[in-house]
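Single-structure report; data block below.
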Protein chains: 2
Amino acid sequence: MDSDSRTQEPKELDLRHVMVERLMHYYHFIASLSNNTAGDSVTSTQIARLMHIDDSLVRKDLAEIGVRGHSGHGFRCEDVLEAIRRTLGFSKRLRAVIIGAGRLGGALASYGSFQQYGVEICGVFDIAPHKVRLMFGGYQIQPMTSLPIVVKQMGVCIAILTVPPEAAQDAANRALDAGVRGIWNFSNASLEVPEGVVVRNEHMSIGLAELGYRLRRGRMGHDT
Amino acid sequence: MDSDSRTQEPKELDLRHVMVERLMHYYHFIASLSNNTAGDSVTSTQIARLMHIDDSLVRKDLAEIGVRGHSGHGFRCEDVLEAIRRTLGFSKRLRAVIIGAGRLGGALASYGSFQQYGVEICGVFDIAPHKVRLMFGGYQIQPMTSLPIVVKQMGVCIAILTVPPEAAQDAANRALDAGVRGIWNFSNASLEVPEGVVVRNEHMSIGLAELGYRLRRGRMGHDT
DNA sequence: TAGATTGTTAATCGATTAACAATC
DNA sequence: TAGATTGTTAATCGATTAACAATC
């Protein structure tokens, strides 16, 4: 009922995780392209080179989301951007709250470019009474007791958890009770949530550990 | 020359990205298990259930890093943890600096659990003269001009970039010139780096976009 | 036209799962 | 022993790549 079918493909495609990530990269690259240099076209080979992947994969991805290119010339940037926006649903706004007014919460609150992807932060909450009412990355910190009202009134569907791990499950429970359906979890605790709730864990240390791993074994080229 | 061969497998295994992530998850789960409840054993099925993957995959992964289980009983937690530490090289300390003393930089500086994975933050840097010397997440902010000295003297090999996108390439260049070999990039700019440098981009919005995507299409179960 | 690039199929590669004999 | 769980091979599944005719 909201699958927007201006172009040829209204078919409900169920993108795997890895493809959503690629689309985001394409989007990002092309968006910065068309700001700067920008002819208004881009070829699969250009994108592929930038991302260190095969050009036919790019074409396949773009075909899948219904963009048509032009033989001999490539793809119109605007077509690609538009198709990605449509596929990922950027135009359907989602509202989010941040729970946990620590440094990380602050960083996310003042981040700003979430808008661009259709997500709007509409409140920051914290349990600590002394933090309540303080201004914080452009938001006034609210007490956890106001969470249910805000979530209901504004139709919030995402809770961004930037609380310490011990507090994470409780925060998640409150948010879910209030009506949230998705959780972006920055505490690295594993959450138990009911069926149907979408959770995305952003387990920072995993990134660092992977970087570390690659570094420790990259014996060659070292000590330049 | 430092491939630590206490157990049977000194063979240089080159883990793919996805397996490193799984190992980190195993590590994390088992570590929290053995803190709390903990018998000191764990079965492949337990781990698999927690992670929503197949139990034979767990056994395969563990076999690959040289852990032996015990038929009928599972794996000794300590064996698994030790093997993962060895494989990912946690005991080989790596030093890192944070460039960019903003909120995110602060969050990472005060994060604390990087130690656990063998990475030690040993300085925070910023270009803004008025920030220099301020205390920040336990570190005194240093001017960018001190970067080369610190990197050299302390043998720093990772730069964590928490600067705005416009400043990212420059910060990366300075860090690389100073001798860093790996970059953990939180600015979402794409960096150009010479051959052999290890870069890991932590492009926040990608996580959010993916969460959003799954949420927008999870029509069922919504509006509980 | 000649040159470039798409769209798409078939081939390849790699990762996950199923199955089960061996072990404790 | 009976029950549980490993270790491992073969089968399956899915994703990437190679190749090339069709198109502009």
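Chain letters run A, B, ... following the sequence lines, proteins first, then strands; residues in each count from 1.
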A correct dot-bracket answer for DNA chain D, with pairs being Watson-Crick or G-U at under 3.5 Å, [ ] for crossing pairs and | for inter-strand pairs, is ..||||||||||||||||||||||
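- Here C/dA15 presents its P atom at 11 Å from NE2 of B/H17, a figure rounded to the nearest Å.
- Taking every side-chain heavy atom of A/D54 into account, D/dT17 is the closest of D/dT17, C/dT5, C/dA15.
- With rounding to whole Å, A/L23 atom CG is found 13 Å from D/dA15 atom P.
- Side-chain atoms of B/T43 come within 3.5 Å of backbone atoms of B/Q46 as a donor-acceptor pair (strictly under, hydrogens ignored).
- In this structure, A/M51 places its CE atom 13 Å from C1' of D/dT16, rounding to the nearest Å.
- Look at B/R22 and you'll find a side-chain N or O under 4.0 angstrom from OP1 or OP2 of C/dT16.
- Counting non-hydrogen atoms under 4.0 angstrom, A/S56 reaches a base of the nucleic acid.
- Here the side chain of A/T43 is nearest to one of C/dT5, D/dA15, D/dT5, namely C/dT5.
- Look at CD1 on A/I47: it is 17 Å from C1' on D/dT16, rounded to the nearest Å.
- Rounded to whole angstrom, the span from the CZ atom of B/R59 across to the P atom of C/dA21 amounts to 15 Å.
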Just the atom pairs and distances: protein N or O near nucleotides 22-24 of chain D's N or O, under 3.5 Å.
| from | atom 1 | to | atom 2 | distance (Å) |
| --- | --- | --- | --- | --- |
| D/dT23 | O2 | A/S71 | OG | 3.3 |

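- A/K60 places its NZ atom 16 Å from the P atom of C/dT6, with the value rounded to the nearest Å.
- A straight line from CG of A/L57 to P of C/dT8 spans 15 Å, rounded to a whole angstrom.
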